[in-house]
Protein chains: 2
Amino acid sequence: MASHTAEPATSDTRTTVTSAAVLDAALTLFAQRGYHGTALSQVAEALGIRTPSLYNHMRSKQELLQTIVAGTTAGVLQDFEAAVEGVSDPVERLRRATRVYALRHATHRREALIVNRDTPSLDEPARSEQQEQRRKHEHALRAIIAEGVAGGAMSVESPALASFAIREMCVSIARWFREDGPFSAEQVADQYSRFALQIAGAR
Amino acid sequence: MASHTAEPATSDTRTTVTSAAVLDAALTLFAQRGYHGTALSQVAEALGIRTPSLYNHMRSKQELLQTIVAGTTAGVLQDFEAAVEGVSDPVERLRRATRVYALRHATHRREALIVNRDTPSLDEPARSEQQEQRRKHEHALRAIIAEGVAGGAMSVESPALASFAIREMCVSIARWFREDGPFSAEQVADQYSRFALQIAGAR
DNA sequence: CCTACCGATCGGTAGG
DNA sequence: CCTACCGATCGGTAGG
């Protein structure tokens, strides 16, 4: 996996830039400054090359954003399905679904920040497609809570409200988590999945 | 080139633009597209005037952002202090503090979206000042939880983690709340303050 | 409130 | 991978 810290422009080591390196630099800068707040000249500078050379490795700035967002939302849905597959108890399904969702936001911070901030900057039809994908995950999580409530294993006034609260609580991990902080990604994920069960009133 | 700009949706024909109107248009557009994603020409167009005319009502685009962010964070701290003043029970303090925080994010959606997305776009020293103000609120909320845990009225592994989770859960209300939706702002605030108590393990 | 206009910078292309 | 360069647009100013 590519390093998260792009090579400084002052380092005069000869650079062999790849598409993956361009994507990695874009991930770091888009996450820091936002899509509209990042100039391609800054991406190029982080890689130690001139702006036009970027076009040997990508088609456009917009394509970089689409690649980042599409890959991330696909990963979220894959994670979800793998986590709940074969588990029928709604409480255990909710625990696993939120644990993996929280874990992803601690381990893929840049991707999460960009998806949540810059999805509106996608051109159509990518924008609508991505919103639809995110809605899928939202509804799947909500369905687990609704099922738990129906079966008496959970208690909440509105599954929709609880689902929103749980999701966004997990998403926000990307804003404060630090790899060198006091908690590991797994510890945070365990704690947050416990919070999720408490929000859902799981007995 | 005759003036044929589209008529603004929010004002009648040929009204005199005020500073408040400029701020309001900026609030709407910054919230929708982000600070860097909004051009002053779009703000002007929304008001039915030319871009240079904006400068009769503001000093710069950056000043608009600073006004929005500073006013919002000041309001958050005021709300907090008014809500917990004279209340000593930590559980009741947490209920009130989160209720008012959630309520604000339902009733001041645009401000909340801008603060959470575009605070990094503030020039120094405003940026550091605002981060310090937000930290104050974070620590105050955390202190309530720590006090509750110390007194046995709450139970959570890490007050810091619980505080982050609660705050960001409330902040996210600004992303989905609609005035014409199924829940009133007050109903959402009540539900979310209940979620907060559950996260904190309040008995 | 306007027109006219500024230098800077944007994403992207031409052509090697 | 580069230099040279494009048209468009940015925030902002001059001067009425």
Side-chain angles (χ1 to χ4, degrees), chain A residues 6-27 29-30 32-68 114 118 121-124 126, chain B residues 1-8 10-27 29-30 32-68 114 118 121-124 126:
Chain A
E7 201 166 317
T10 50
S11 163
D12 53 2
T13 51
R14 202 183 63 83
T15 39
T16 309
V17 171
T18 62
S19 299
V22 171
L23 200 64
D24 190 74
L27 268 170
L29 286 164
F30 288 178
Q32 269 174 15
R33 307 155 186 254
Y35 178 71
H36 287 303
T38 303
L40 286 182
S41 61
Q42 297 173 308
V43 178
E45 190 183 13
L47 294 163
I49 61 175
R50 302 289 181 178
T51 307
S53 302
L54 288 174
Y55 288 83
N56 294 312
H57 309 289
M58 53 137 203
R59 270 201 280 274
S60 68
K61 188 187 182 187
Q62 173 71 205
E63 187 208 48
L64 284 176
L65 181 61
Q66 291 184 5
T67 302
I68 291 167
I114 294 166
D118 291 315
S121 296
L122 287 171
D123 292 343
E124 292 294 357
Chain B
M1 182 162 71
S3 63
H4 266 276
T5 53
E7 208 57 35
T10 51
S11 71
D12 30 8
T13 54
R14 290 294 156 201
T15 58
T16 305
V17 170
T18 62
S19 300
V22 172
L23 200 63
D24 189 74
L27 268 169
L29 287 164
F30 289 179
Q32 270 174 15
R33 308 157 186 251
Y35 178 71
H36 287 303
T38 303
L40 286 182
S41 60
Q42 297 173 309
V43 177
E45 189 184 13
L47 294 162
I49 61 176
R50 303 285 182 180
T51 307
S53 302
L54 289 173
Y55 289 84
N56 293 312
H57 308 291
M58 52 137 207
R59 272 201 278 274
S60 68
K61 188 187 183 187
Q62 173 71 204
E63 187 207 50
L64 284 176
L65 181 60
Q66 291 184 5
T67 301
I68 291 167
I114 294 167
D118 292 316
S121 297
L122 287 171
D123 291 343
E124 294 294 358

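Order of the sequence lines sets the chain letters (A, B, ...), proteins ahead of strands, with each chain counted from 1.
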Working note: B:Tyr35 + A:His36, criterion side-chain contact (heavy atoms from CB on, under 4.5 Å); need CA distance, chi angles, decisive distance, verdict. CA-CA 9 Å; B:Tyr35 178 71; A:His36 287 303; over 6 Å; no
Using side-chain contact (heavy atoms from CB on, under 4.5 Å), reason through A:Glu63 and A:Asp123 one step at a time and then give a plain yes or no. CA-CA 10 Å; A:Glu63 187 208 48; A:Asp123 292 343; over 6 Å; no
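- In this structure D:dT13 sits in a base pair with C:dA4, meeting the Watson-Crick or G-U test at under 3.5 Å.
- Here the CD-CD1 distance, from A:Gln32 to A:Ile114, works out to 10.0 Å after rounding to the nearest 0.5 Å.
- For B:Leu54 and C:dT3, the CG to P distance is 13 Å, given to the nearest whole Å.
- Considering every non-hydrogen atom in both B:Leu29 and B:Ala46, the closest pair reads CD1-CB, 4.3 Å.
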Stepwise, does the side-chain contact (heavy atoms from CB on, under 4.5 Å) test hold for B:Lys61 with B:Val43? CA-CA 10 Å; B:Lys61 188 187 183 187; B:Val43 177; over 6 Å; no
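- The distance from the OG atom of B:Ser41 to the CD1 atom of B:Ile49 is 11.5 Å, given to the nearest 0.5 Å.
- At whole-Å resolution of the value, CZ in A:Arg50 and P in D:dA4 are 10 Å apart.
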Please list each protein N or O that sits under 3.5 Å from an N or O in nucleotides 9-16 of chain C, with the distance.
residue, atom, partner, partner atom, Å
C:dG11, OP1, A:Thr38, O, 3.3
C:dG11, OP1, A:Leu40, N, 3.4
C:dG11, OP1, A:Lys61, NZ, 2.9
C:dG11, OP2, A:Leu40, N, 2.9
C:dG12, OP2, A:Tyr55, OH, 2.9
C:dG12, OP2, A:Lys61, N, 2.9
C:dG12, O5', A:Tyr55, OH, 3.2

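- Within the nucleic acid shown, A:His36 has no heavy atom closer than 4.0 Å to any nucleic acid atom.
- Considering only the side chain of A:Ser53, D:dC1 comes nearest among C:dC2, D:dC1, D:dT3.
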